[in-house]
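Contents: one structure, followed by commentary.
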Amino acid sequence: MSAAPDLALTNEILKHLREAGFARVGVCHAAPVDRADAFQSWLAAGHHADMRYMAEHLAERLDPRVMVPGAQSVVCVADRYSDGRPDARSVDGAPAGRIARYARGRDYHAVLRERLEPIAESLRNRFPGQRFRVCVDTAPIAEREHAVRAGIGRIGKHTLVIGQGGLGSWIVLGAIVTTVRLQPTEAAGGDPCGSCTRCIDACPTQAIEPWKVKADRCISYLTIEHHGEPAAWFRERSDDWLFGCDACIEACPHSQWTVKARMSPVRSDYAALQRHFTLEAVLRWRETDPAFQSLSPVLRRPSLANWKRNALLLAAGLSADRWNEGLRAAVCACEADETLPISVRQLAASTHP
Ligand code: SF4
Ligand code: SF4
């Protein structure tokens, strides 16, 4: 393999990735991240909260050449999981909580990996002396920063990548880190935000400062990653998110359901299997229930106890007229359920209207 970037191989890989249905593809040098200082300050301030894994393997996270010695290039891909069409709150019928859109269809890790791995494997067979490591959220790599360098998109004040070509931030990212020297694609460049502050204004918990999200105030973190009961203020939030939160993406002008956004279809893998769960159903789940067992790995990230905590917190915020007998009985059942942590049972006891 020559030291010069292999343009023919780059184009061939990008062509295969496009044929595999990725909405956006690109390549960048395997180089240390630019925002290492900002990331380390964010960690030092404790904004990663319970996500201790963010502080682990820091050297790898800041430089892909530590994770893959001799790495020369990062091949980046994005899948579009939503076209951004408006999504109503669950205000009718039985009280329910919404699921963030990225988690409504098949598990995105599997959907990305099952198309990246065969391409990486065929490259391994062709270039046995080289490495091709597939990364889909499972490896310590700064996927967002590499995606920006590779021209997938630009980072907005909400800290998410805003995909080029009208994709908005309804995208999930994957990468192949390789020791082969490929030709980088062009970064988009420029600030996508200007004087806009819509995501900051729309965040229900004031978690966003420009280009910084305080995890310990973010609904996404608090409903998925956080263990234990969130701070008391969390009950007062005015929204219906049970798992994750899309409010900052929904507010962003780049992520609206526009004519341009409709041009690039969403893969059927991401078609919603469920968009919400009723609070009563969640409070009645058991570990062995088919409904709980059949949740995708991404939805199984919170424990059953934390799903119930999330449902109880939403129930606590309901007006008295939204309660029904089924929900009352399910809350009482939680209170009496000795298999649940005492914090969840106490939460149930304090949740009745
Ligand atoms: S996911 Fe929700 S809570 Fe978190 S920063 Fe975005 S709008 Fe705020
Ligand atoms: S809502 Fe506005 S400030 Fe926030 S990411 Fe989008 S363009 Fe940037």
Side-chain angles (χ1 to χ4, degrees), residues 35 38 42 45-51 54 78 80-84 86-90 97-104 108 137 144-145 147-148 152-173 188-226 230-258 260-261 275-276 298-299 301-302 306 309-310 313-314 317:
R35 289 165 49 82
W42 183 82
H47 290 319
H48 59 308
D50 271 358
M51 294 183 288
M54 298 290 284
R80 187 177 196 217
Y81 63 81
S82 169
D83 58 13
D87 186 48
R89 287 171 59 96
S90 357
R98 272 189 288 168
I99 300 163
R101 281 176 239 192
Y102 78 89
R104 292 180 184 178
Y108 73 90
D137 249 11
R144 292 181 197 180
E145 186 150 338
V148 168
I152 301 286
R154 298 172 293 171
I155 292 187
K157 287 178 187 170
H158 53 13
T159 73
L160 303 169
V161 176
I162 299 171
Q164 294 294 102
L167 297 179
S169 296
W170 306 111
I171 53 175
V172 282
L173 303 172
D191 167 14
C193 299
S195 59
C196 177
T197 58
R198 286 198 212 175
C199 55
I200 296 169
D201 302 337
C203 175
T205 55
Q206 293 82 50
I208 307 176
E209 292 171 7
W211 289 285
K212 188 195 291 180
V213 169
K214 290 173 271 185
D216 50 0
R217 289 201 67 87
C218 173
I219 294 169
S220 210
Y221 161 77
L222 289 169
T223 55
I224 300 170
E225 304 284 349
H226 181 66
W233 62 263
F234 192 63
R235 291 178 182 221
E236 309 302 324
R237 64 200 167 105
S238 57
D239 54 65
D240 63 344
W241 294 107
L242 180 64
F243 176 101
C245 168
D246 287 336
C248 48
I249 306 181
E250 288 174 345
C252 180
H254 295 289
S255 299
Q256 301 304 304
W257 190 46
T258 61
K260 203 172 169 190
R275 61 178 294 279
H276 65 251
V298 97
L299 286 175
R301 192 149 175 88
N306 284 348
R309 173 206 62 191
N310 294 349
L313 286 165
L314 283 188

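First listed ligand is number 1; within each ligand, the first listed atom is number 1. The figures here come from the full heavy-atom set of this structure, side chains too, leaving out hydrogens, waters and symmetry mates.
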Legend entry - Ligand-side contact atoms (ligand 1) for residue partner Thr205, heavy atom cut-off under 4.0 Å: 3 (S)
Inset, instruction - For Arg198, enumerate each residue passing the side-chain contact (heavy atoms from CB on, under 4.5 Å) test, keeping only those at least two apart in sequence or located in another chain. - result: Cys196, Ala251, Pro253
Inset, instruction - Measure the shortest side-chain to side-chain distance between Asn310 and Phe243 over non-hydrogen atoms and say whether it is less than 4.5 angstrom. - result: no
Inset, instruction - Please state whether the separation between atom 2 (Fe) of ligand 2 and some N/O/S atom of Cys193 is under 2.8 Å? - result: no
Inset, instruction - State, to 0.1 Å, how close Gly84 and Trp170 come at their nearest heavy-atom pair, and which atoms those are. - result: CA-NE1, 3.2 Å
Legend entry - With Leu314 via side-chain contact (heavy atoms from CB on, under 4.5 Å) - residues at least two apart: Arg237, Leu242, Leu279
Legend entry - For Pro204, the ligand 1 atoms whose distance to one of its heavy atoms is below 4.0 Å: 7 (S)
Inset, instruction - Could you tell me the residue and atom name of the protein heavy atom closest to atom 2 (Fe) of ligand 2, and the distance to it rounded to 0.1 Å? - result: Cys196 SG, 2.3 Å
Legend entry - Non-neighbouring partners of Asp191 that pass side chain to side chain donor-acceptor pair (under 3.5 Å), sequence neighbours left out: none
Legend entry - Criterion side chain to side chain contact (heavy atoms under 4.5 Å, CB included) on Ile208 and Arg217, from CA distance to verdict: CA-CA 9 Å; Ile208 307 176; Arg217 289 201 67 87; over 6 Å; no
Legend entry - atom 7 (S) of ligand 2 [closest protein heavy-atom partner, distance rounded to 0.1 Å]: His254 CD2, 3.6 Å
Inset, instruction - Just the protein N/O/S atoms under 2.8 Å from atom 6 (Fe) of ligand 1, please, no waters. - result: Cys248 SG
Inset, instruction - Give, for atom CG of Asp246 and atom OG of Ser220, the distance between the pair rounded to the nearest 0.5 Å. - result: 8.0 Å
Inset, instruction - Would you mind reporting whether Thr223 and Pro302 have side-chain heavy atoms less than 4.5 Å apart? - result: no
Legend entry - N-O pairing of Arg101 and Glu250 below 4.0 Å: yes
Inset, instruction - Provide the number and element of each atom of ligand 2 under 4.0 Å from a heavy atom of Arg198. - result: 1 (S)
Inset, instruction - Report the nearest protein non-hydrogen atom to atom 6 (Fe) of ligand 2: residue, atom name, distance rounded to 0.1 Å. - result: Cys252 SG, 2.4 Å
